[in-house]
Asker: 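Okay, here's the structure, questions in a sec.
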There are 2 protein chains.
Amino acid sequence: MREEASESMQDYLKNIYLIIRERGGSVSTSELAKKMRVSPPTVTSMLVKLGERKFVKYEKYKGVKLAKKGEIIALEVLRHHRLIETYLVEHLDYDWSEVHEEADILEHHISEKMELRIANALGNPKFDPHGAPIPSADLSSIAKDETTRLGEHISGDIVVIERVREREKEELQYLARIGMVPGKQVEVESVAPFGMVTLTNENGTHSLPKEIAMSIHVKKI
Amino acid sequence: MREEASESMQDYLKNIYLIIRERGGSVSTSELAKKMRVSPPTVTSMLVKLGERKFVKYEKYKGVKLAKKGEIIALEVLRHHRLIETYLVEHLDYDWSEVHEEADILEHHISEKMELRIANALGNPKFDPHGAPIPSADLSSIAKDETTRLGEHISGDIVVIERVREREKEELQYLARIGMVPGKQVEVESVAPFGMVTLTNENGTHSLPKEIAMSIHVKKI
DNA sequence: TAACTTTATTAGGCCTGTCTAAATATATAT
DNA sequence: ATATATATTTAGACAGGCCTAATAAAGTTA
Ligand SMILES: [Mn+2]
Ligand SMILES: [Mn+2]
Ligand SMILES: [Mn+2]
Ligand SMILES: [Mn+2]
(Lines give C-alpha, C1' and ligand atoms only; values in the text may rest on other atoms or scores of the structure.)
(Ligands and ions follow the chains in the order given, each with its own letter.)
Protein backbone atom coordinates (compact mmCIF):
# COMPACT_ATOMS: atom_id res chain seq x y z
CA MET A 1 0.00 0.00 0.00
CA ARG A 2 2.53 2.53 1.18
CA GLU A 3 4.73 1.78 -1.83
CA GLU A 4 2.03 3.32 -4.04
CA ALA A 5 2.90 6.73 -2.64
CA SER A 6 6.31 8.38 -2.84
CA GLU A 7 8.12 9.36 0.31
CA SER A 8 7.02 12.93 -0.19
CA MET A 9 3.39 11.94 -0.71
CA GLN A 10 3.52 9.81 2.41
CA ASP A 11 4.58 12.86 4.39
CA TYR A 12 1.79 15.00 3.00
CA LEU A 13 -0.76 12.33 3.85
CA LYS A 14 0.63 11.83 7.34
CA ASN A 15 0.54 15.55 8.05
CA ILE A 16 -2.97 15.97 6.72
CA TYR A 17 -4.00 13.11 8.98
CA LEU A 18 -2.32 14.61 12.03
CA ILE A 19 -3.86 18.03 11.56
CA ILE A 20 -7.34 16.69 11.01
CA ARG A 21 -7.10 14.25 13.89
CA GLU A 22 -6.16 17.03 16.21
CA ARG A 23 -8.78 19.51 15.26
CA GLY A 24 -11.16 18.04 12.67
CA GLY A 25 -12.44 19.73 9.53
CA SER A 26 -10.17 20.04 6.54
CA VAL A 27 -6.68 21.35 5.95
CA SER A 28 -5.83 24.53 4.06
CA THR A 29 -3.00 24.95 1.60
CA SER A 30 -1.12 27.45 3.74
CA GLU A 31 -1.44 25.37 6.87
CA LEU A 32 0.03 22.37 5.15
CA ALA A 33 2.70 24.51 3.50
CA LYS A 34 3.78 25.74 6.90
CA LYS A 35 3.82 22.33 8.49
CA MET A 36 5.74 20.78 5.60
CA ARG A 37 8.09 23.75 5.23
CA VAL A 38 7.32 24.11 1.58
CA SER A 39 5.80 26.89 -0.53
CA PRO A 40 2.03 27.11 -1.06
CA PRO A 41 2.23 26.47 -4.81
CA THR A 42 4.11 23.28 -4.07
CA VAL A 43 1.28 22.18 -1.84
CA THR A 44 -1.35 23.03 -4.43
CA SER A 45 0.31 20.95 -7.07
CA MET A 46 0.81 18.04 -4.69
CA LEU A 47 -2.83 18.17 -3.63
CA VAL A 48 -3.92 18.03 -7.25
CA LYS A 49 -1.75 14.96 -7.73
CA LEU A 50 -2.95 13.28 -4.54
CA GLY A 51 -6.51 14.00 -5.58
CA GLU A 52 -6.06 12.45 -9.02
CA ARG A 53 -4.69 9.33 -7.37
CA LYS A 54 -7.65 9.22 -4.98
CA PHE A 55 -5.57 9.58 -1.85
CA VAL A 56 -7.38 12.75 -0.85
CA LYS A 57 -10.52 14.71 -1.53
CA TYR A 58 -9.39 18.09 -2.70
CA GLU A 59 -11.47 20.97 -3.96
CA LYS A 60 -9.85 24.15 -5.14
CA TYR A 61 -9.99 26.88 -2.53
CA LYS A 62 -11.77 24.56 -0.11
CA GLY A 63 -9.03 22.60 1.55
CA VAL A 64 -8.28 18.91 1.61
CA LYS A 65 -9.40 15.79 3.49
CA LEU A 66 -8.12 12.25 3.35
CA ALA A 67 -9.81 9.60 1.25
CA LYS A 68 -9.80 6.04 2.57
CA LYS A 69 -6.68 5.07 0.60
CA GLY A 70 -4.83 8.08 1.88
CA GLU A 71 -5.85 7.45 5.46
CA ILE A 72 -4.49 3.93 5.32
CA ILE A 73 -1.15 5.19 4.11
CA ALA A 74 -1.09 7.88 6.76
CA LEU A 75 -1.78 5.31 9.46
CA GLU A 76 0.87 3.01 8.13
CA VAL A 77 3.51 5.70 8.15
CA LEU A 78 2.40 6.85 11.58
CA ARG A 79 2.63 3.32 12.91
CA HIS A 80 6.16 3.08 11.60
CA HIS A 81 7.06 6.43 13.04
CA ARG A 82 5.82 5.66 16.51
CA LEU A 83 7.19 2.14 16.62
CA ILE A 84 10.59 3.43 15.57
CA GLU A 85 10.54 6.13 18.23
CA THR A 86 9.66 3.55 20.82
CA TYR A 87 12.33 1.18 19.63
CA LEU A 88 15.04 3.83 19.68
CA VAL A 89 14.20 4.67 23.28
CA GLU A 90 13.80 1.11 24.50
CA HIS A 91 16.63 -0.58 22.66
CA LEU A 92 19.08 1.99 21.39
CA ASP A 93 19.42 4.26 24.35
CA TYR A 94 17.91 7.31 22.74
CA ASP A 95 16.35 9.97 24.87
CA TRP A 96 12.64 10.59 24.66
CA SER A 97 13.31 14.06 23.25
CA GLU A 98 15.63 13.15 20.41
CA VAL A 99 13.89 10.36 18.53
CA HIS A 100 11.68 12.41 16.29
CA GLU A 101 14.02 13.34 13.46
CA GLU A 102 15.34 9.84 13.07
CA ALA A 103 11.84 8.38 12.97
CA ASP A 104 10.67 11.00 10.52
CA ILE A 105 13.09 9.62 7.98
CA LEU A 106 13.09 5.92 8.76
CA GLU A 107 9.30 5.70 8.80
CA HIS A 108 9.43 5.61 4.99
CA HIS A 109 12.22 3.09 4.64
CA ILE A 110 11.64 0.11 6.89
CA SER A 111 10.07 -3.00 5.39
CA GLU A 112 6.91 -4.60 6.64
CA LYS A 113 9.06 -7.39 8.00
CA MET A 114 11.11 -4.95 10.01
CA GLU A 115 7.99 -3.25 11.29
CA LEU A 116 6.82 -6.63 12.54
CA ARG A 117 10.12 -7.51 14.16
CA ILE A 118 10.32 -4.16 15.90
CA ALA A 119 6.76 -4.44 17.14
CA ASN A 120 7.49 -7.93 18.47
CA ALA A 121 10.70 -6.85 20.15
CA LEU A 122 8.68 -4.18 21.94
CA GLY A 123 5.76 -6.44 22.88
CA ASN A 124 3.38 -4.70 20.48
CA PRO A 125 3.05 -1.44 22.34
CA LYS A 126 -0.05 0.73 22.03
CA PHE A 127 1.68 4.01 22.84
CA ASP A 128 5.00 5.60 21.96
CA PRO A 129 7.39 7.28 24.41
CA HIS A 130 5.53 10.59 24.09
CA GLY A 131 2.26 8.87 24.94
CA ALA A 132 0.95 9.07 21.37
CA PRO A 133 -1.17 6.11 20.29
CA ILE A 134 0.32 3.64 17.81
CA PRO A 135 -2.07 2.48 15.06
CA SER A 136 -2.77 -1.25 15.21
CA ALA A 137 -0.90 -3.61 12.90
CA ASP A 138 -3.89 -3.95 10.56
CA LEU A 139 -4.31 -0.16 10.62
CA SER A 140 -7.94 -0.59 11.61
CA SER A 141 -7.74 1.17 14.93
CA ILE A 142 -5.90 3.75 16.94
CA ALA A 143 -6.55 4.52 20.58
CA LYS A 144 -9.18 7.20 21.13
CA ASP A 145 -8.00 10.33 22.87
CA GLU A 146 -9.63 10.51 26.27
CA THR A 147 -7.40 13.15 27.72
CA THR A 148 -7.74 16.82 28.46
CA ARG A 149 -5.06 19.46 27.98
CA LEU A 150 -3.05 20.59 30.92
CA GLY A 151 -3.62 24.15 29.75
CA GLU A 152 -7.39 23.78 30.19
CA HIS A 153 -7.21 22.92 33.86
CA ILE A 154 -7.80 25.23 36.76
CA SER A 155 -6.01 25.95 39.97
CA GLY A 156 -6.12 22.99 42.35
CA ASP A 157 -6.56 20.27 39.73
CA ILE A 158 -4.31 17.27 40.14
CA VAL A 159 -3.56 15.40 36.95
CA VAL A 160 -1.34 12.68 35.48
CA ILE A 161 0.52 13.37 32.25
CA GLU A 162 -0.57 11.00 29.51
CA ARG A 163 1.10 12.50 26.51
CA VAL A 164 3.40 15.29 25.40
CA ARG A 165 2.87 16.33 21.80
CA GLU A 166 5.76 16.72 19.36
CA ARG A 167 7.56 20.02 19.69
CA GLU A 168 11.06 21.36 19.19
CA LYS A 169 13.72 19.09 20.61
CA GLU A 170 14.90 21.78 23.03
CA GLU A 171 11.41 22.26 24.39
CA LEU A 172 11.00 18.55 24.96
CA GLN A 173 14.38 18.38 26.64
CA TYR A 174 13.35 21.17 28.96
CA LEU A 175 10.11 19.42 29.82
CA ALA A 176 11.99 16.21 30.50
CA ARG A 177 14.40 18.06 32.73
CA ILE A 178 11.62 19.48 34.89
CA GLY A 179 9.89 16.11 35.07
CA MET A 180 6.98 16.89 32.78
CA VAL A 181 6.88 13.50 31.08
CA PRO A 182 4.19 10.86 30.59
CA GLY A 183 3.27 9.07 33.80
CA LYS A 184 4.11 11.93 36.18
CA GLN A 185 1.63 13.63 38.45
CA VAL A 186 1.20 17.41 38.44
CA GLU A 187 -0.83 19.89 40.41
CA VAL A 188 -2.02 23.15 38.87
CA GLU A 189 -1.05 25.97 41.18
CA SER A 190 -2.35 28.94 39.32
CA VAL A 191 -3.38 30.19 35.91
CA ALA A 192 -2.32 33.73 35.12
CA PRO A 193 -4.49 35.85 32.78
CA PHE A 194 -1.60 36.56 30.44
CA GLY A 195 -1.17 32.91 29.53
CA MET A 196 1.17 31.44 32.07
CA VAL A 197 0.40 28.30 34.05
CA THR A 198 2.19 27.46 37.29
CA LEU A 199 2.52 23.81 38.20
CA THR A 200 3.99 21.67 40.93
CA ASN A 201 5.34 18.18 40.44
CA GLU A 202 7.84 16.02 42.30
CA ASN A 203 10.63 18.27 41.01
CA GLY A 204 9.21 21.48 42.41
CA THR A 205 7.23 24.37 40.99
CA HIS A 206 7.48 25.50 37.37
CA SER A 207 5.72 27.94 35.11
CA LEU A 208 4.90 27.19 31.51
CA PRO A 209 3.37 29.28 28.75
CA LYS A 210 -0.18 28.23 28.03
CA GLU A 211 0.75 27.12 24.52
CA ILE A 212 3.11 24.57 25.97
CA ALA A 213 0.61 23.51 28.61
CA MET A 214 -1.90 22.91 25.81
CA SER A 215 0.43 20.44 24.20
CA ILE A 216 0.53 18.30 27.35
CA HIS A 217 -2.32 15.83 27.56
CA VAL A 218 -3.43 14.75 31.01
CA LYS A 219 -6.08 12.90 32.98
CA LYS A 220 -7.54 14.37 36.13
CA ILE A 221 -7.42 12.19 39.19
CA MET B 1 30.30 13.83 4.35
CA ARG B 2 27.76 11.36 3.11
CA GLU B 3 25.12 14.09 3.00
CA GLU B 4 27.06 15.70 0.16
CA ALA B 5 26.06 12.86 -2.12
CA SER B 6 22.49 11.88 -2.95
CA GLU B 7 21.23 8.41 -2.16
CA SER B 8 21.73 7.44 -5.77
CA MET B 9 25.28 8.79 -5.84
CA GLN B 10 26.06 6.92 -2.66
CA ASP B 11 25.03 3.69 -4.32
CA TYR B 12 27.18 4.34 -7.38
CA LEU B 13 30.17 5.09 -5.18
CA LYS B 14 29.61 2.03 -3.05
CA ASN B 15 29.34 -0.24 -6.05
CA ILE B 16 32.43 1.20 -7.72
CA TYR B 17 34.27 0.58 -4.46
CA LEU B 18 33.05 -2.99 -4.19
CA ILE B 19 33.99 -3.89 -7.75
CA ILE B 20 37.45 -2.38 -7.50
CA ARG B 21 38.13 -3.87 -4.10
CA GLU B 22 37.31 -7.29 -5.44
CA ARG B 23 39.33 -7.19 -8.56
CA GLY B 24 41.30 -3.97 -8.83
CA GLY B 25 41.68 -1.75 -11.88
CA SER B 26 38.81 0.47 -12.92
CA VAL B 27 35.12 -0.01 -13.58
CA SER B 28 33.48 0.17 -17.00
CA THR B 29 30.18 1.82 -17.79
CA SER B 30 28.47 -1.40 -18.75
CA GLU B 31 29.69 -3.24 -15.68
CA LEU B 32 28.32 -0.59 -13.42
CA ALA B 33 25.11 -0.38 -15.43
CA LYS B 34 24.59 -4.09 -14.92
CA LYS B 35 25.33 -3.99 -11.21
CA MET B 36 23.11 -1.00 -10.63
CA ARG B 37 20.32 -2.26 -12.92
CA VAL B 38 20.29 0.92 -14.90
CA SER B 39 20.97 1.75 -18.56
CA PRO B 40 24.49 2.61 -19.76
CA PRO B 41 23.62 6.22 -20.66
CA THR B 42 22.35 6.70 -17.15
CA VAL B 43 25.71 5.56 -15.85
CA THR B 44 27.62 7.82 -18.21
CA SER B 45 25.75 10.88 -17.08
CA MET B 46 26.14 9.97 -13.44
CA LEU B 47 29.87 9.43 -13.87
CA VAL B 48 30.23 12.84 -15.45
CA LYS B 49 28.43 14.36 -12.48
CA LEU B 50 30.46 12.41 -9.92
CA GLY B 51 33.62 13.46 -11.73
CA GLU B 52 32.68 17.14 -11.67
CA ARG B 53 32.12 16.88 -7.94
CA LYS B 54 35.49 15.18 -7.47
CA PHE B 55 34.05 11.97 -6.07
CA VAL B 56 35.59 9.91 -8.87
CA LYS B 57 38.23 10.06 -11.55
CA TYR B 58 36.44 9.46 -14.79
CA GLU B 59 37.81 9.59 -18.30
CA LYS B 60 35.57 9.03 -21.28
CA TYR B 61 35.85 5.51 -22.67
CA LYS B 62 38.40 4.62 -19.99
CA GLY B 63 36.34 3.66 -16.98
CA VAL B 64 36.11 5.11 -13.51
CA LYS B 65 38.01 4.97 -10.21
CA LEU B 66 37.24 6.49 -6.86
CA ALA B 67 38.80 9.73 -5.72
CA LYS B 68 39.52 10.11 -2.01
CA LYS B 69 36.25 11.91 -1.30
CA GLY B 70 34.30 9.21 -3.07
CA GLU B 71 36.08 6.44 -1.26
CA ILE B 72 35.22 7.93 2.09
CA ILE B 73 31.56 8.05 1.18
CA ALA B 74 31.69 4.48 -0.13
CA LEU B 75 33.23 3.30 3.12
CA GLU B 76 30.72 5.17 5.18
CA VAL B 77 27.80 3.64 3.33
CA LEU B 78 29.41 0.23 3.49
CA ARG B 79 29.92 0.56 7.23
CA HIS B 80 26.27 1.39 7.63
CA HIS B 81 25.26 -1.50 5.43
CA ARG B 82 27.26 -4.07 7.29
CA LEU B 83 26.41 -2.80 10.74
CA ILE B 84 22.73 -2.86 9.86
CA GLU B 85 22.96 -6.41 8.53
CA THR B 86 24.68 -7.47 11.72
CA TYR B 87 22.15 -5.70 13.88
CA LEU B 88 19.19 -7.26 12.10
CA VAL B 89 20.62 -10.72 12.65
CA GLU B 90 21.72 -10.20 16.24
CA HIS B 91 18.81 -8.18 17.57
CA LEU B 92 15.84 -8.48 15.27
CA ASP B 93 15.82 -12.16 14.53
CA TYR B 94 16.58 -11.88 10.84
CA ASP B 95 18.17 -14.74 9.03
CA TRP B 96 21.65 -14.36 7.62
CA SER B 97 20.27 -14.69 4.09
CA GLU B 98 17.54 -12.08 4.25
CA VAL B 99 19.22 -8.97 5.58
CA HIS B 100 20.65 -7.58 2.38
CA GLU B 101 17.68 -5.77 0.88
CA GLU B 102 16.78 -4.05 4.11
CA ALA B 103 20.36 -2.88 4.65
CA ASP B 104 20.63 -1.70 1.07
CA ILE B 105 17.95 0.86 1.75
CA LEU B 106 18.58 1.77 5.37
CA GLU B 107 22.31 2.32 4.79
CA HIS B 108 21.42 5.74 3.34
CA HIS B 109 18.96 6.79 6.00
CA ILE B 110 20.36 6.18 9.46
CA SER B 111 21.99 9.07 11.28
CA GLU B 112 25.53 9.09 12.59
CA LYS B 113 24.06 8.82 16.04
CA MET B 114 22.17 5.70 15.13
CA GLU B 115 25.25 4.20 13.51
CA LEU B 116 27.06 4.73 16.78
CA ARG B 117 24.32 3.26 18.90
CA ILE B 118 24.03 0.21 16.68
CA ALA B 119 27.79 -0.31 16.71
CA ASN B 120 27.80 -0.05 20.50
CA ALA B 121 24.89 -2.43 20.91
CA LEU B 122 26.86 -4.95 18.84
CA GLY B 123 30.17 -4.41 20.63
CA ASN B 124 31.77 -2.74 17.62
CA PRO B 125 32.05 -5.79 15.42
CA LYS B 126 34.71 -6.08 12.74
CA PHE B 127 32.77 -8.45 10.50
CA ASP B 128 29.17 -8.77 9.40
CA PRO B 129 27.12 -12.00 9.40
CA HIS B 130 28.44 -12.94 5.93
CA GLY B 131 31.99 -12.54 7.15
CA ALA B 132 32.52 -9.27 5.24
CA PRO B 133 34.75 -6.74 7.00
CA ILE B 134 33.11 -3.65 8.47
CA PRO B 135 35.03 -0.39 7.90
CA SER B 136 36.24 1.21 11.14
CA ALA B 137 34.25 4.06 12.66
CA ASP B 138 36.71 6.66 11.40
CA LEU B 139 36.66 5.00 7.95
CA SER B 140 40.43 4.77 7.99
CA SER B 141 40.69 1.02 7.84
CA ILE B 142 38.97 -2.13 6.73
CA ALA B 143 40.22 -5.62 7.42
CA LYS B 144 42.55 -6.95 4.71
CA ASP B 145 41.33 -10.02 2.87
CA GLU B 146 43.59 -12.92 3.80
CA THR B 147 41.37 -15.63 2.49
CA THR B 148 41.36 -17.87 -0.55
CA ARG B 149 38.31 -18.88 -2.56
CA LEU B 150 36.81 -22.28 -1.95
CA GLY B 151 36.65 -22.73 -5.72
CA GLU B 152 40.44 -22.47 -5.98
CA HIS B 153 41.13 -25.38 -3.68
CA ILE B 154 41.97 -28.91 -4.66
CA SER B 155 40.79 -32.30 -3.62
CA GLY B 156 41.78 -33.11 -0.06
CA ASP B 157 42.03 -29.54 1.21
CA ILE B 158 40.33 -28.89 4.52
CA VAL B 159 39.19 -25.31 5.04
CA VAL B 160 37.12 -23.10 7.30
CA ILE B 161 34.56 -20.77 5.76
CA GLU B 162 35.39 -17.15 6.53
CA ARG B 163 32.97 -15.34 4.34
CA VAL B 164 30.14 -15.87 1.86
CA ARG B 165 29.77 -13.03 -0.64
CA GLU B 166 26.44 -11.40 -1.40
CA ARG B 167 24.31 -13.36 -3.82
CA GLU B 168 20.63 -13.95 -4.51
CA LYS B 169 18.66 -14.56 -1.36
CA GLU B 170 17.63 -18.03 -2.52
CA GLU B 171 21.23 -19.00 -3.12
CA LEU B 172 22.24 -17.85 0.34
CA GLN B 173 19.31 -19.68 1.87
CA TYR B 174 20.41 -22.86 0.11
CA LEU B 175 23.97 -22.43 1.35
CA ALA B 176 22.69 -21.87 4.88
CA ARG B 177 20.55 -24.99 4.62
CA ILE B 178 23.51 -27.17 3.69
CA GLY B 179 25.69 -25.63 6.39
CA MET B 180 27.93 -23.56 4.18
CA VAL B 181 28.14 -20.58 6.48
CA PRO B 182 30.98 -18.65 8.07
CA GLY B 183 32.78 -20.60 10.78
CA LYS B 184 32.06 -24.07 9.37
CA GLN B 185 34.72 -26.54 8.29
CA VAL B 186 34.62 -28.10 4.84
CA GLU B 187 36.66 -30.71 3.00
CA VAL B 188 37.07 -30.59 -0.75
CA GLU B 189 36.23 -34.01 -2.15
CA SER B 190 36.71 -33.49 -5.83
CA VAL B 191 36.87 -30.86 -8.52
CA ALA B 192 35.21 -31.85 -11.79
CA PRO B 193 36.54 -30.42 -15.07
CA PHE B 194 33.15 -29.04 -16.06
CA GLY B 195 33.05 -26.68 -13.12
CA MET B 196 31.53 -28.59 -10.27
CA VAL B 197 33.07 -28.85 -6.81
CA THR B 198 32.11 -31.59 -4.39
CA LEU B 199 32.44 -30.87 -0.70
CA THR B 200 31.85 -32.54 2.62
CA ASN B 201 30.89 -30.75 5.79
CA GLU B 202 29.13 -31.78 8.98
CA ASN B 203 25.87 -31.98 7.04
CA GLY B 204 27.11 -34.44 4.45
CA THR B 205 28.36 -34.20 0.89
CA HIS B 206 27.25 -31.50 -1.55
CA SER B 207 28.17 -30.32 -5.00
CA LEU B 208 28.34 -26.67 -5.95
CA PRO B 209 28.98 -24.93 -9.25
CA LYS B 210 32.42 -23.40 -9.35
CA GLU B 211 30.97 -19.90 -9.59
CA ILE B 212 29.30 -20.37 -6.24
CA ALA B 213 32.41 -21.95 -4.73
CA MET B 214 34.34 -18.89 -5.85
CA SER B 215 32.09 -16.66 -3.82
CA ILE B 216 32.91 -18.56 -0.64
CA HIS B 217 36.06 -17.29 1.07
CA VAL B 218 37.98 -19.76 3.20
CA LYS B 219 41.18 -20.36 5.13
CA LYS B 220 43.03 -23.62 4.80
CA ILE B 221 43.82 -25.41 8.03
C1' DT C 1 -20.88 47.17 -1.75
C1' DA C 2 -16.41 48.91 -2.75
C1' DA C 3 -11.75 48.77 -1.37
C1' DC C 4 -8.36 46.37 0.56
C1' DT C 5 -5.98 42.28 2.53
C1' DT C 6 -5.07 37.58 2.65
C1' DT C 7 -5.05 33.11 0.66
C1' DA C 8 -4.70 30.13 -3.16
C1' DT C 9 -3.87 28.95 -7.89
C1' DT C 10 -1.60 29.33 -12.43
C1' DA C 11 2.45 29.97 -15.23
C1' DG C 12 6.84 28.97 -16.09
C1' DG C 13 11.33 27.24 -14.75
C1' DC C 14 15.02 24.29 -12.48
C1' DC C 15 17.41 20.09 -10.87
C1' DT C 16 17.73 15.04 -10.29
C1' DG C 17 17.65 10.59 -12.05
C1' DT C 18 16.01 7.91 -15.27
C1' DC C 19 14.90 6.28 -20.22
C1' DT C 20 15.32 5.23 -25.69
C1' DA C 21 17.34 6.10 -30.13
C1' DA C 22 21.13 7.66 -32.70
C1' DA C 23 25.91 8.47 -33.33
C1' DT C 24 30.62 7.38 -32.47
C1' DA C 25 34.65 5.26 -30.48
C1' DT C 26 37.02 1.04 -29.42
C1' DA C 27 37.86 -3.91 -29.83
C1' DT C 28 37.86 -8.17 -32.52
C1' DA C 29 38.21 -11.09 -36.39
C1' DT C 30 39.12 -12.10 -41.05
C1' DA D 1 44.16 -3.39 -42.60
C1' DT D 2 39.47 -3.56 -43.22
C1' DA D 3 35.07 -4.91 -41.85
C1' DT D 4 32.21 -6.09 -38.29
C1' DA D 5 30.72 -6.25 -33.59
C1' DT D 6 30.57 -4.28 -29.12
C1' DA D 7 30.86 -0.62 -25.79
C1' DT D 8 30.15 4.05 -24.83
C1' DT D 9 28.62 8.56 -25.34
C1' DT D 10 25.44 12.20 -27.13
C1' DA D 11 20.84 13.91 -27.95
C1' DG D 12 16.51 14.53 -26.51
C1' DA D 13 12.69 13.46 -23.49
C1' DC D 14 10.00 12.74 -19.18
C1' DA D 15 8.32 12.47 -14.27
C1' DG D 16 8.83 14.04 -9.57
C1' DG D 17 9.29 17.64 -6.38
C1' DC D 18 10.52 21.91 -5.60
C1' DC D 19 10.78 27.31 -6.46
C1' DT D 20 9.37 32.52 -7.65
C1' DA D 21 6.41 35.85 -9.89
C1' DA D 22 2.02 36.90 -11.52
C1' DT D 23 -2.89 36.46 -11.25
C1' DA D 24 -7.24 35.48 -9.24
C1' DA D 25 -10.40 34.15 -5.66
C1' DA D 26 -12.11 34.65 -1.01
C1' DG D 27 -12.51 37.12 3.12
C1' DT D 28 -12.64 41.47 5.77
C1' DT D 29 -13.49 46.21 6.76
C1' DA D 30 -15.39 50.60 6.20
MN1 LIG E 1 8.73 11.62 7.18
MN1 LIG F 1 4.01 -1.07 7.69
MN1 LIG G 1 21.74 1.26 -1.22
MN1 LIG H 1 28.10 6.93 9.27
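Chain A is the first sequence line, chain B the second, and so forth, proteins listed ahead of strands; every chain is numbered from 1.
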Asker: My understanding is that only residues two or more places apart in sequence, or in another chain, count here; which of them pass side chain to side chain donor-acceptor pair (under 3.5 Å) with B:His130?
Answerer: B:Glu85
Asker: Quickly work out the B:His108 NE2 to C:dG17 P distance and round it to whole Å.
Answerer: 12 Å
Asker: Mind calculating the distance between NZ (A:Lys62) and P (C:dA8) to the nearest angstrom?
Answerer: 14 Å
Asker: Scan residues 141-153 of chain B for pairs that pass salt bridge (Lys or Arg N to Asp or Glu O under 4.0 Å), counting only residues two or more places apart or in two chains.
Answerer: B:Glu22-B:Arg149
Asker: For DNA chain C, which residues in residues 45-58 of chain A have a heavy atom at a distance below 4.0 Å?
Answerer: A:Tyr58
Asker: For A:Glu101, does the CD atom have more than 12 heavy-atom neighbours from other residues, nucleotides or ligands under 6.0 Å away?
Answerer: no
Asker: Please enumerate all residues that pass salt bridge (Lys or Arg N to Asp or Glu O under 4.0 Å) together with A:Arg21, with sequence neighbours excluded.
Answerer: none
Asker: Take A:Ile216 and A:His153 through the side chain to side chain contact (heavy atoms under 4.5 Å, CB included) test and state the conclusion after the steps.
Answerer: CA-CA 11 Å; A:Ile216 299 175; A:His153 282 265; over 6 Å; no
Asker: From NZ of A:Lys34 over to C1' of C:dA8, roughly how many Å is that when rounded to an integer?
Answerer: 17 Å
Asker: Starting at the 5' end of nucleotides 20-26 of chain D, put B wherever the base has a protein heavy atom under 4.0 Å, S where only the sugar-phosphate does, and a dash everywhere else.
Answerer: BB---S-
Asker: Taking only residues two or more places apart in sequence or in another chain, which ones pass salt bridge (Lys or Arg N to Asp or Glu O under 4.0 Å) with A:Arg79?
Answerer: A:Glu115
Asker: Return each pair, listed once, that meets salt bridge (Lys or Arg N to Asp or Glu O under 4.0 Å) where at least one residue sits in residues 88-97 of chain A; pairs must be two or more places apart or across chains.
Answerer: none
Asker: To the nearest Å, how far apart are A:Glu7 CD and C:dG17 P?
Answerer: 14 Å
Asker: Between C:dT9 atom P and A:Glu31 atom CD, what is the distance in whole Å?
Answerer: 13 Å
Asker: Listed by chain and number, what are the side chain to side chain donor-acceptor pair (under 3.5 Å) partners of B:Tyr58, not counting sequence neighbours?
Answerer: none
Asker: Need one value for A:Met9: base, sugar-phosphate or nothing, where a base atom within 4.0 Å counts as base even if backbone is also close, heavy atoms only.
Answerer: sugar-phosphate
Asker: Start at the 5' end of DNA chain D and walk down; is the nucleotide closest to A:Ser8 or to B:Val43 reached first?
Answerer: B:Val43
Asker: Specify the residues of residues 11-30 of chain B, ordered by number, for which at least one heavy atom lies under 4.0 angstrom from an atom of DNA chain C.
Answerer: B:Tyr12
Asker: Whole angstrom is fine here: how far is it from CG in A:Leu32 over to P in D:dG17?
Answerer: 14 Å
Asker: Enumerate the salt bridge (Lys or Arg N to Asp or Glu O under 4.0 Å) contacts for residues 28-49 of chain B, please, sequence neighbours excluded, ordered by first and then second residue.
Answerer: B:Arg23-B:Glu31
Asker: Could you work out, with side chain to side chain donor-acceptor pair (under 3.5 Å) as the rule, every residue matching A:Glu166, not counting sequence neighbours?
Answerer: A:His100
Asker: Taking side chain to side chain donor-acceptor pair (under 3.5 Å) as the test, write out the residues that go with A:Lys113, two or more places apart.
Answerer: B:Glu98
